2 protein chains.
Amino acid sequence: MAGMPSLDLTADVVALTAALVDIESVSRHEAAIADAVEDAVRAVPGLDVVRDGDAVVARSDLGRSERVVIAGHLDTVPVNANLPSRLDGDTLYGLGSCDMKGGVAVALRLAATLAEPVRDVTYVFYDCEEIEAEHNGLGRLARTRPDLLAADFAILMEPSGAVVEAGCQGSVRVDVIVPGVRAHSARWWMGTNAIHAVAPVLERLVAYEPRTPLVDGLTYREGLNAVGIRGGVAGNVLPDECRVSVNYRFAPSRDVDGALDHLRAVFDGFAIEVLDAAPGALPGLDRPAAAAFVTAVGGEVRPKFGWTDVARFSELDVPAVNFGPGDPSLAHSQGESVPLAHLRHCEATMRRWLSG
Amino acid sequence: MAGMPSLDLTADVVALTAALVDIESVSRHEAAIADAVEDAVRAVPGLDVVRDGDAVVARSDLGRSERVVIAGHLDTVPVNANLPSRLDGDTLYGLGSCDMKGGVAVALRLAATLAEPVRDVTYVFYDCEEIEAEHNGLGRLARTRPDLLAADFAILMEPSGAVVEAGCQGSVRVDVIVPGVRAHSARWWMGTNAIHAVAPVLERLVAYEPRTPLVDGLTYREGLNAVGIRGGVAGNVLPDECRVSVNYRFAPSRDVDGALDHLRAVFDGFAIEVLDAAPGALPGLDRPAAAAFVTAVGGEVRPKFGWTDVARFSELDVPAVNFGPGDPSLAHSQGESVPLAHLRHCEATMRRWLSG
């Protein structure tokens with residue numbers, strides 16, 4: 001199609017990351033970037049390519065004894081005056097540079113240039129990771145095409161500071177619902193202001209002291225945050241409802257039911273509606289394939305604070321770790337960026353591991 | 001136009017109120033009701049009718065020495081499962097029954113049946129009273145057609161419990177703006193949660209003690225209420241801004257600048273953006289025309305808590321009072337209603353006064 005963005009997989013990983021950042025791909029608007037990725041991997045000899053919605057799966061079939069998945073999502077959080085990409089010294093800036101188009105670029109470089117990997121590789125590029133879990137493209141594949149995800153081990157190239165991050169925290173999102181009674185704001189004493197009644201909910205959030213549990217030798221760091229608040233009927237009406245959307249991130253030693261019980265205790269006295277729930281994943285470093293990768297990249301292992309699709313692989317019984325370029329603490333920030341050294345280190349490390 | 005609602009001004013005031021309620025007319029959607037009102041008053045002999053947007057002005061021209069305005073707005077607050085109208089015993093229920101289609105029905109009955117009023121009458125039916133002041137149809141007429149509003153006295157038929165309510169409180173609406181720093185909710189310690197930071201704003205609202213000033217012998221009752229709150233970027237992001245819309249209703253002894261100074265003091269330390277400001281109106285019972293009406297209806301005078309367009313007439317130097325059917329404390333409530341006795345009392349009182 002004329003004017004469709006195209007990707008040059010012979011370009012170096014920095015240029016390729018910049019090209020991916022410059023294809024805007026906020027969640028639910030990944031068609032253009034998925035088209036470009038699909039075209040690029042279809043041009044690589046020896047890869048079998050499947051398009052599923054805005055996900056693209058490309059597999060080698062070399063008859064190796066081991067198969068690994070290398071996966072990354074194509075979508076980003078909303079634009080925040082951080083496009084297009086901008087190269088400044090040894091850092092590339094722009095929406096998605098960190099989370100996680102750098103990782104996607106590394107995977108695409110490996111797909112295009114590793115003609116004879118010692119392990120068969122399934123590259124998975126997918127949609128809708130940054131929104132409600134029900135829309136997640138990897139989740140869709142796990143439900144409808146689990147055959148495409150079958151593997152001995154998976155590496156999710158989410159930003160991890162270019163070191164191995166194991167496990168991941170779970171995430172649940174609930175609305176705390178505070179009722180009121182509508183009235184005209186000039187005769188406010190006839191009603192009950194639902195927004196004023198939210199004060200104790202916010203006070204509990206402010207006072208909340210998150211846990212830092214130790215799991216399999218890794219210290220996790222939980223968090224409880226309002227991510228949305230809304231109330232209001234008209235400019236002269238006391239509203240009859242106010243809702244606070246709260247996101248709880250919890251260590252993988254707690255399951256979703258335990259997390260919800262905890263939220264019910266924290267917001268005791270208020271109604272709660274569950275919007276979204278995703279279990280964490282235990283580090284799983286005792287699994288042979290995981291241990292082998294950690295040894296191969298020779299590195300430090302850290303706990304993963306963010307929820308990542310590592311948990312989906314865990315549910316499919318595929319051991320998985322996070323390993324990707326970018327400082328995870330910059331993900332979703334206005335000024336997110338990725339160090340060029342991370343991009344090059346991740347590409348070189350993965351290439352060495354897959355070359356034997 | 002086929003299917004257009006029509007109004008029968010020979011019906012009694014209760015049936016006419018019900019017919020007006022059953023023409024849905026949320027602010028900015030008054031075309032259908034304005035069409036029906038325009039058609040109805042154009043059919044009355046001796047009235048000169050002007051249509052201006054969704055306002056309708058109908059004037060007698062009998063050469064009387066005194067001219068009075070009888071005015072009412074056609075719009076309502078949003079629908080809240082309170083349509084269509086429902087008659088139950090001696091009460092009519094439904095959106096707008098109280099605020100203020102009962103008053104509109106009384107005015108339409110007078111327009112249709114008073115062939116020889118002792119005072120010339122200008123009937124004014126207008127749009128967009130329930131939303132931001134800038135859209136107000138009476139305000140538009142005051143700016144563009146002040147000749148249509150010229151009069152010795154004005155009666156605004158807002159619900160007043162069928163007694164005279166004098167003066168009106170002022171109203172300002174501001175956004176209190178609370179900043180934060182965006183971050184991924186799994187790495188919340190990298191950011192500052194703007195929603196959590198709203199807690200002290202709500203605490204000040206909860207703790208606020210409104211004044212009850214005495215003005216010209218009438219005791220007013222101020223109020224400070226949140227009427228809207230919004231914040232949130234995505235389900236996994238700490239938001240960088242949260243806004244609380246606050247409505248301050250203040251006694252007419254305070255002007256708009258004084259009201260804003262007061263809000264700046266209450267929300268000291270937070271940025272404020274002014275959304276809407278409307279001055280109050282002093283009771284003005286010392287003006288001869290106002291005093292004459294009060295004497296004629298023989299009644300009690302109460303302070304008006306709600307802001308009404310009485311203030312717009314004050315600005316045009318036309319003395320004005322509120323006098324209309326319905327309990328003002330029910331305005332904007334889900335179950336608003338009007339007593340049939342109020343409708344009949346207001347019609348009879350006004351008819352007597354205008355018949356000499």
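Heavy-atom basis, side chains included; hydrogens, waters and symmetry copies ignored. Model, not experiment: these values are computed from the prediction. Throughout, a chain's letter reflects where its sequence line sits, starting with A, and its residues are numbered from 1.
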Under 4.5 Å from a heavy atom of chain A, the part of [X] involved:
{"X": "B/P200", "value": "neither"}
{"X": "B/V198", "value": "both"}
{"X": "B/E222", "value": "backbone"}
{"X": "B/S329", "value": "both"}

Measure the CD1-CD1 distance between A/I195 and B/I229 for me, rounded to the nearest 0.5 Å.
->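 CD1 of B/I229 is found 5.5 Å from CD1 of A/I195.
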Distance, nearest 0.5 Å, that separates CG of A/D99 from NE2 of B/H184 |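 Interatomic distance, A/D99 CG to B/H184 NE2, rounded to 0.5 Å: 6.5 Å.
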Check each atom of [X] against the heavy atoms of chain B and say whether the ones under 4.5 Å are side chain, backbone, both or neither.
{"X": "A/S185", "result": "both"}
{"X": "A/L224", "result": "backbone"}
{"X": "A/N225", "result": "both"}

Measure across B/W188 and A/P210 and return the closest heavy-atom pair with its distance rounded to 0.1 Å.
->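 So the minimum-distance heavy-atom pair works out to CZ2-CG, 3.5 Å.
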Options [options], ranked by heavy-atom pairs under 4.5 Å with chain B, top entry:
{"options": "A/G228, A/G306, A/A226", "answer": "A/A226"}
{"options": "A/R182, A/M190, A/H196", "answer": "A/H196"}
{"options": "A/N80, A/V206, A/V244", "answer": "A/N80"}

Output the option from [options] having the highest count of non-hydrogen pairs under 4.5 Å with chain A.
{"options": "B/K304, B/Q169, B/E130, B/Q334", "value": "B/E130"}
{"options": "B/G223, B/S333, B/A234, B/G231", "value": "B/G231"}
{"options": "B/G235, B/A199, B/P239, B/A197", "value": "B/G235"}
{"options": "B/P328, B/A331, B/S27, B/G232", "value": "B/P328"}

So A/H332 and B/R187, side chain to side chain contact (heavy atoms under 4.5 Å, CB included) or not? Walk me through it.
-> CA-CA 10 Å; A/H332 301 199; B/R187 286 170 293 275; 5.7 Å; no
Name of the residue among B/E132, B/R173, B/R249 meeting side chain to side chain contact (heavy atoms under 4.5 Å, CB included) with A/N236 |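 The passing option is B/R249.
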